[in-house]
Amino acid sequence: MKFIIYQALPRLFGNYCTTNKHNGTIEENGCGKYNSFSDKALAELRNFGITHIYFTGILEHATSTDYSHFGIAKNHPKIVKGKAGAPFAIKDYYDVDPDLAEDVPNRMAEFEALVERTHRAGLKVIIDFIPNHVAREYFSDSKPEDVEDFGEDDNSSWAFSPLNDFYYIPNEAFAPNFDIEDYREFPAKVTGNDQFTAHPTHQDWYDTAKLNYGVNYAENYQQQFDPMPKTWIKMRDILLFWTKKGIDGFRCDMVEMVPVQFWNFAISSVKKLFPQMIFIGEAYNPAEYRNLICNGKFDYLYDKVGLYNTLRDILTHGQKATHITYSWQFLGEIKDKMLNFLENHDEQRIGSGFFCGDGIYAQPAMIVVATLTNAPYMLYFGQETGELGMDSEGFSGVDGRTSIFDYYSLSSYQNWTNDGKFDGASLTEDQKNLRNFYKTLNHIALNEKAIIQGQMYDLEYANLNNPKFNANKQFAYIRKFENEIILVALNFHDTALETEINIPQEMFMFFEMPEGNKYTCLNLLDTAEPTEEIILSSNTPFRTKIDAWKGKIFKLY
């Protein structure tokens with residue numbers, strides 16, 4: 001079934017502080033909490049059309065904030081990115097972020113209550129699983145007594161050994177090309193983004209150390225998986241630990257940096273006990289998609305390199321709308337195994353000066369994300385309120401992204417959260433219109449069988465030579481399930497277009513449906529728009545007018 005994921009960074013989601021000091025501390029700039037996701041907040045997200053919440057940054061990660069008085073080891077600030085730290089530099093796989101707790105010693109219970117509250121609202125829970133790397137000062141003070149910590153029994157004089165948890169640079173101290181003051185690491189561990197050097201740069205993942213899954217990178221990527229590397233067992237047990245907390249899925253970080261054989265082992269092990277668990281892989285190499293799905297056992301993969309890049313180029317660089325056809329054709333039989341999106345924590349905000357400059361311009365692209373295939377899609381919190389991502393928060397400069405490294409708050413999003421009332425009372429008219437578009441689209445995507453279960457027929461090729469259809473700026477397709485028919489028409493142009501869409505005979509043959517039937521035509525995105533009576537025929541083009549940077553989803557009945 002189709003589902004909709006809402007990615008939220010709890011640190012920012014429920015932060016109502018407006019100080020926003022550059023590089024501010026948690027005391028100065030505030031921080032959202034587990035309980036910021038109140039019953040009211042969750043009910044509003046469910047009403048918005050969300051089915052799953054991806055809580056980003058739940059696991060305890062390295063931070064500059066000192067929690068040593070709670071028995072949590074302090075991190076050296078020179079190997080932490082920002083005051084808050086990167087949510088993907090995991091410090092303890094068996095603990096949760098103390099920043100998000102009202103009562104730090106009770107933090108795990110507060111997270112467990114969040115899971116229960118989310119389920120009670122009819123929503124499912126997804127959290128991160130980051131297998132490739134950990135914080136340089138990883139130390140688990142919360143692991144079960146019988147669990148061996150990472151690196152505990154390593155022989156650090158070996159650059160590689162299948163018996164080690166880490167890779168090492170023998171006889172060299174960690175010495176990046178920037179000042180780390182009195183931080184000492186000898187020998188240096190290999191940095192998380194495969195930097196097999198003791199001298200990573202500020203642009204590298206210098207705050208992390210890469211974990212060893214039995215691949216000898218120094219000797220032609222030789223794989224030593226027999227006997228099974230102990231890292232595999234440790235990671236499987238970590239997955240099971242969180243699964244038993246009642247979560248419903250994992251968003252797995254940088255999955256191509258870990259051998260596919262591990263994924264087969266780990267996912268199969270978890271699904272043997274919890275068959276409904278969802279595994280979503282962050283992947284960027286299309287040549288590996290089928291391997292990760294078929295052999296790695298992933299349920300879904302990010303479609304960043306395909307559909308995201310295509311739609312972004314259409315919106316910003318004038319790439320032809322016809323390239324959407326290539327995106328889905330390239331994927332073929334795995335197109336419904338992709339997770340589609342236009343924003344996430346890694347990508348620039350649609351409304352930023354680096355992307356569209358205003359969230360309203362992405363509406364036709366978002367319709368494609370939601371309705372082109374049967375695949376699920378993801379929204380990033382603030383996307384629906386047109387968040388710009390143009391602040392200089394601290395470690396994260398003005399880059400069009402919402403910082404994951406800093407304590408901060410989003411003014412556009414606070415217009416919806418409204419000090420915890422979650423009523424949108426402070427939204428501007430433009431923000432209300434944009435949020436209503438997303439809400440309407442979400443409910444269409446979840447309730448129309450032609451979109452949830454149907455097949456899609458691409459009309460673009462039949463209109464390449466149509467003088468009344470601008471194939472460079474328009475895109476159209478039909479979806480059908482049993483007797484339900486949806487026709488989607490999109491305008492990626494800065495002017496309104498009067499268009500005629502040719503319906504080829506092959507479409508009627510593809511869907512095994514009669515030609516020449518009369519239908520009532522209703523625009524689901526604007527049900528106040530007058531309905532029309534049309535005849536669906538290869539002899540009669542479908543005529544409509546579409547405003548600039550808009551789309552229409554017609555239901556034919």
Side-chain angles (χ1 to χ4, degrees), residues 59-63 68 71-81 85-95 128-176 180 182-200 204-219 223-225 227-242 253-254 257-259 262 265-266:
L59 302 186
E60 184 186 334
H61 57 268
T63 178
S68 58
I72 299 172
K74 186 178 179 180
N75 291 115
H76 195 292
K78 286 296 180 177
I79 53 163
V80 176
K81 291 186 174 181
F88 304 101
I90 301 304
K91 180 179 176 180
D92 188 345
Y93 280 116
Y94 286 97
D95 207 349
D128 286 298
F129 174 57
I130 298 97
N132 175 66
H133 50 270
V134 295
R136 298 202 86 91
E137 294 181 297
Y138 182 91
F139 174 75
S140 177
D141 49 32
S142 298
K143 64 182 179 62
E145 288 185 7
D146 59 341
V147 171
E148 176 190 301
D149 217 353
F150 286 96
E152 190 174 308
D153 290 331
D154 278 9
N155 185 331
S156 61
S157 65
W158 294 336
F160 165 80
S161 167
L163 302 178
N164 281 351
D165 291 325
F166 293 107
Y167 297 94
Y168 295 91
I169 314 293
N171 304 315
E172 288 193 61
F174 179 66
I180 55 171
D182 59 346
Y183 175 73
R184 296 289 179 266
E185 181 181 299
F186 184 89
K189 298 184 183 75
V190 168
T191 298
N193 60 325
D194 289 358
Q195 293 300 303
F196 285 77
T197 171
H199 313 290
D204 291 314
W205 304 350
Y206 63 84
D207 54 335
T208 69
K210 184 175 178 64
L211 287 171
N212 173 8
Y213 284 80
V215 179
N216 189 347
Y217 290 85
E219 295 187 15
Q223 298 176 340
Q224 297 185 31
F225 299 157
M228 182 178 289
K230 57 184 180 180
T231 309
W232 291 28
I233 306 296
K234 291 179 181 180
M235 285 299 189
R236 178 206 60 190
D237 292 346
I238 288 164
L239 285 168
L240 289 171
F241 173 83
W242 291 103
D253 191 68
M254 300 301 296
M257 300 183 82
V258 173
F262 162 75
F265 161 74

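Here, residue 1 is the first one in the sequence, and each next residue gets the next number.
Closest approach of Thr191 and Pro200 over heavy atoms only: OG1-CG, 3.5 Å. Between Gln224 and Pro229, the shortest heavy-atom contact is O-CG, 3.7 Å. Across all non-hydrogen atoms, the minimal contact from Asn132 to Gly192 is ND2-O, 2.9 Å. The minimum heavy-atom distance linking Ala266 with Leu239 is given by the pair CB-CD1, 3.9 Å. Taking both residues in full, the closest heavy atoms of Ala89 and Asp207 are given as CB-OD2, 3.6 Å, listed atom of the first, atom of the second, then distance. Of all heavy-atom pairs between Ile130 and Met235, the closest is O-CE, 4.2 Å.
Using bins of under 30°, 30° to 60° and over 60° for the plane-to-plane angle, the ring pair Trp205/His133 lands in the tilted bin. Using cut-offs of 30° and 60° for the angle between ring planes, the Phe196 and Tyr217 rings count as tilted.
Residues that satisfy the side-chain hydrogen bond (donor to acceptor under 3.5 Å, both in side chains) test with Asp253, not counting sequence neighbours, are Arg251. Listed by chain and number, the residues in a side-chain contact (heavy atoms from CB on, under 4.5 Å) with Ala198 are Ile169, Glu172, Ala188 (sequence neighbours excluded). Under the salt bridge (charged side-chain N to carboxylate O under 4.0 Å, His left out) criterion, Asp194 pairs with Lys210, sequence neighbours left out. Not a single ring pair (Phe, Tyr, Trp, His ring centres under 6.0 Å) links Phe186 to another residue, sequence neighbours left out. Residues passing the side-chain contact (heavy atoms from CB on, under 4.5 Å) test with Asp165, sequence neighbours excluded: Glu148, Phe150, Asp154, Lys230, Thr231, Lys234. Applying the ring pair (Phe, Tyr, Trp, His ring centres under 6.0 Å) rule to Phe225 yields the partners Trp232; only residues at least two apart in sequence or on another chain are considered. For Asn193, the side-chain hydrogen bond (donor to acceptor under 3.5 Å, both in side chains) partners two or more places apart in sequence, or in a different chain, are Asp204. For Thr197, there are no side-chain hydrogen bond (donor to acceptor under 3.5 Å, both in side chains) partners, not counting sequence neighbours. Residues satisfying the ring pair (Phe, Tyr, Trp, His ring centres under 6.0 Å) test with Phe166, not counting sequence neighbours, are none. Legend: residues meeting side-chain contact (heavy atoms from CB on, under 4.5 Å) with Pro77, ordered by chain and number and at least two apart, are Ser64. Ser140 meets the side-chain hydrogen bond (donor to acceptor under 3.5 Å, both in side chains) test with Asp92; sequence neighbours excluded.
Identified under the salt bridge (charged side-chain N to carboxylate O under 4.0 Å, His left out) test for residues 130-146, with sequence neighbours left out: Arg136-Glu185.
Taking the side chain as every heavy atom from C-beta outward, Tyr167 and Lys189 never approach each other to under 4.5 Å. The closest side-chain heavy-atom distance from Phe160 to Glu219 is not below 4.5 Å. Counting heavy atoms from C-beta outward, Pro170 and Ser157 have side chains that stay 4.5 Å or more apart.
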Applying side chain to side chain contact (heavy atoms under 4.5 Å, CB included), run through Ile233 and Phe265 and close with a yes or a no. CA-CA 9 Å; Ile233 306 296; Phe265 161 74; 3.9 Å; yes
For a side chain to side chain contact (heavy atoms under 4.5 Å, CB included) check, start with the C-alpha distance between His76 and Asp182, then their side-chain angles and the critical distance, and finish with the verdict. CA-CA 9 Å; His76 195 292; Asp182 59 346; 2.6 Å; yes
Take Met254 and Phe88, measure what side chain to side chain contact (heavy atoms under 4.5 Å, CB included) needs, and give me the verdict at the end. CA-CA 10 Å; Met254 300 301 296; Phe88 304 101; over 6 Å; no
Give the C-alpha distance, both sets of side-chain angles, the deciding distance and a yes or no for side chain to side chain contact (heavy atoms under 4.5 Å, CB included) between Tyr138 and Asp149. CA-CA 9 Å; Tyr138 182 91; Asp149 217 353; 3.0 Å; yes
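With Tyr94 contributing its side chain and Phe241 its backbone, the two residues share no donor-acceptor pair below 3.5 Å. Without hydrogens or angle criteria, Asn212 side chain to Asn164 main chain gives a donor-acceptor distance under 3.5 Å. A donor-acceptor contact shorter than 3.5 Å links the side chain of His199 to the backbone of Ala175.
Remark: Lys81 qualifies as a cation-pi partner of Tyr206 under the 6.0 Å distance and 45° angle criteria applied to the six-membered ring.
Of the inter-residue distances, the one linking Phe139 atom CZ with Asp95 atom CG reads 11.5 Å to the nearest 0.5 angstrom.
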